[in-house]
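Accompanying notes for the structure given below.
Since this is a predicted model, take the numbers as computed values, not measurements. Proteins get letters first, then strands, A, B, ... in listed order; numbering begins at 1 in each.
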Protein chains: 2
Amino acid sequence: MNKAQGAMSYDELRGAIAQRHRALSGRLQQIAEFVLDHPTDVALGTVAEVAQRSGVPPSAIVRFAHALGFGGFTEMQQVFRSRLVAGVAPSYKARLARMKSEEKSVLGRQPAAVLSRFVSEAQSSLVTLSQSVHARELDAATAILAKARDIYLLGLGGSFPVATHLAYVLRKLGRRVVLLDGTGGSIHEQSHAATGEDALVAISFRNYYPDTARLFPELVARGVPTISITDSLLSPIVEGARVVFEIQDMPEPALRTLVAPMCLVQAMAIGLDLAAD
Amino acid sequence: MNKAQGAMSYDELRGAIAQRHRALSGRLQQIAEFVLDHPTDVALGTVAEVAQRSGVPPSAIVRFAHALGFGGFTEMQQVFRSRLVAGVAPSYKARLARMKSEEKSVLGRQPAAVLSRFVSEAQSSLVTLSQSVHARELDAATAILAKARDIYLLGLGGSFPVATHLAYVLRKLGRRVVLLDGTGGSIHEQSHAATGEDALVAISFRNYYPDTARLFPELVARGVPTISITDSLLSPIVEGARVVFEIQDMPEPALRTLVAPMCLVQAMAIGLDLAAD
DNA sequence: GTGCGATTAGAATATTCATTCCATTTGTTA
DNA sequence: TAACAAATGGAATGAATATTCTAATCGCAC
C-alpha cells in the first residue's frame, strides 16, 4: 500500500511479509502464511489456483498483492518466479546483464576487470558442470575408454586445446592415443585404422567445425564406441554416440574459456586410471 | 502427432526433441534449438514471448508442441516447469552437503567423485588467480601485445593446450599469430623471423619442457618483448621477460586442469582487443 | 442493540492469452 | 515449367485469467 516496491528479491519479499504480518487483517494474514509456505505454488499458479489452495476467494489474493505494494498479483508473482530461475541457473540472467553493462563502461575495458569477469564466468560454468554431469555417464565413459586399444581424439578449431590436453594426460597415464589434428595431410588418413576395438572422444562446440561434423559419422558407422562432449543435443556429434556430455551456456567462441570441458576431460582421464587398478 | 506423451520428465523431453530434430521442418528445428537452449524462457514465458525471442510467429510455437505430441503449448510448458521446481527442491545446502560427503567417502575413486574434486580444485585455483594477478602486470602485457606485429606463442608439452587456445582467440580477433609447435621440422626455424617488433608469450610449468627452456633465451636475446606465464620465479622462462605471471600451486602435470592459465590468456586477449578501440 | 468503518466475497469486466483457421509461400515431383 | 503437397505467417476466435466493483458482512465502540 505504502511502500513502492520496484524490483525486489525473493528474500527481501519474505522479510517484508514477515514484518508486516501482524499489521495485516485476518484474511491477509492467512494468505501470508500460505504464500511463505508454498512459494512454488505462487510462482507457477494462477490467481484462482492459489486462491483455492489457500482457501480464500481470488480477490483476496489480489488485495494481498496490493497490500504489499505490488500493482497486482502478476507483479508479485515475478518475485516468486525469480526464486525458481535462481535455483536452476545461478544468476544466469544477472551475469549476462552485468557483463553487458560492464562491457560498455570504462571500468570493463580495463584488463583487470576483464580478468575478474572471466574468472567469475568460469566459476559459474564449473558449478553448472558439476550439476549437469551425472555419475552414470561418467562411469559409462570410463568403461568405454578402459576397453579401448587406441583412443582417438577429435577436437578441432576452438576445441583443439581440450583435445590436446586430454591427449597429454592420457599419454602420461600410459594410454595409446591418436590425436586427429590434420597435420601432414588428411584427417581421414589419421583415423583410418580406428575400429570397434578402439574408442573415440569427440569434442565440438558451436559453430561446429565442418571437418568434425564430416568425420564423426564415418567413425560411428565403422563401429567405434564414441564419447561426445558438446554444447547441445542437436550438435552433429550426438547421434550415434554412446555417451554424450552436454555442457550448456557456452559463450560465443572468442569468449569461452574452455574451463568446464577441460575439467571434464581431466576427470575422465584420471577416473579411468583409478578405476583400472 | 503420434506418440502419446502422458507424463514426461524434462530429460526425457530433451531426448525426444534431439531425436526428432532431423525429421522436423525448418521452422520447427529452429524452435527446437531455442527451447533446448532456453528452457527457462519456455517454462515462464507466454507463447508470444517465446515466439518473439526465438524469432518465429506464435503459431509456429503451438505447431511445435503439437509435433511433439502435446495437446498445445500449455501442456508442453508443464514439462519445462517441472524442471524449475526440481531445481529448487534439493536446496543448495543439500547439494553441497552431498558433494562434501562423496568427497570423503570410499567412493572417492568413482569418476563422479573425481570430477567434483577437480571442480573444487579448479574453483580455488581461480580464486588464487584473481588474487595474485595485478592490474599493472595485465596492463603491461596488453601494451606489449598491442604494439606487436606478430605474436609468437611458445607452449609445449603440458602447456600446449594453453598456447593453442590463445592462438585461437587471438586469430579470431584478427591478430597475426605464430604458434611454435615444432611440426614439420625444428621449432627454431618457426621462430626465426621474430624480431623486436614482435612479441612472445611463453607458457611453461614444471617440469619445464626442454625445448622451451632452450628456445626462450634465444628469443629474449634477439630483443623480442616477452610475457611469461609460469609457476615459479625460478623457471627458465622468467629471466629476461618483460612481464611474468606467476601461477602458484600448480599440481603435478597429470593432475593439472590448466583452468587458471586458460582464464588468464583469455583475459589477456580480450583485454587487448577492448583496449585497442 | 445501534451505527460506523473496515473488511470481505462474489459477480462483472476488461485484458491477456493460447489456439485455430485460412490465404500465401515454399519446396518437390512430374 | 506446371501442379501438387507441405509448411508457414498472421489474423480471427474463443477461452482463461487478473482485476475491479459493489453489496453484504463483520468487528467494535458507544
Determine whether a donor-acceptor pair (N or O, by modelled atom type, separation under 3.5 Å) exists between the side chain of [X] and the backbone of [Y].
{"X": "A/R20", "Y": "A/A67", "answer": "yes"}
{"X": "A/S228", "Y": "A/I237", "answer": "yes"}
{"X": "A/T226", "Y": "A/V224", "answer": "yes"}

Hey, is the side chain of [X] poking within less than 4.0 Å of OP1 or OP2 on [N], counting only N and O atoms?
{"X": "A/R63", "N": "C/dT8", "value": "yes"}
{"X": "A/H66", "N": "D/dT20", "value": "yes"}
{"X": "A/S25", "N": "C/dT8", "value": "yes"}
{"X": "B/T74", "N": "C/dT19", "value": "yes"}
{"X": "B/S59", "N": "C/dA18", "value": "no"}

Could you check how far [atom1] of [X] sits from [atom2] of [N], rounded to whole Å?
{"X": "B/Q29", "N": "D/dA7", "atom1": "CD", "atom2": "C1'", "value": "13 Å"}
{"X": "B/L24", "N": "D/dA6", "atom1": "CG", "atom2": "P", "value": "16 Å"}
{"X": "A/Q30", "N": "C/dT7", "atom1": "CD", "atom2": "P", "value": "16 Å"}
{"X": "B/F64", "N": "D/dA6", "atom1": "CZ", "atom2": "P", "value": "21 Å"}
{"X": "B/I61", "N": "D/dG10", "atom1": "CD1", "atom2": "P", "value": "13 Å"}
{"X": "B/Q52", "N": "C/dA18", "atom1": "CD", "atom2": "P", "value": "13 Å"}
{"X": "A/E75", "N": "D/dT19", "atom1": "CD", "atom2": "P", "value": "9 Å"}
{"X": "B/L28", "N": "D/dA7", "atom1": "CG", "atom2": "C1'", "value": "9 Å"}

Next item on the list: Measure from the side chain of A/F73, starting at C-beta and using heavy atoms only, and say which of C/dC17, D/dT19, C/dA9 lies closest.
Entry: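 The listed nucleotide nearest to A/F73's side chain is D/dT19.
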
Checklist line | Closest non-hydrogen atom pair between A/L145 and A/A199, with its separation | finding: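 Minimum heavy-atom separation between A/L145 and A/A199: CD2-CB, 4.3 Å.
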
Next item on the list: For A/G45 and for B/R27, find the nucleotide of DNA chain D with the closest heavy atom, then tell me which residue's nucleotide is more 5'.
Entry: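 That would be B/R27.
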
Next item on the list: Taking only Lys NZ, Arg NE, NH1 and NH2, and the carboxylate oxygens of Asp or Glu, determine whether B/R14 and B/D11 approach each other closer than 4.0 Å.
Entry: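 No, no charged N to carboxylate O under 4.0 Å.
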
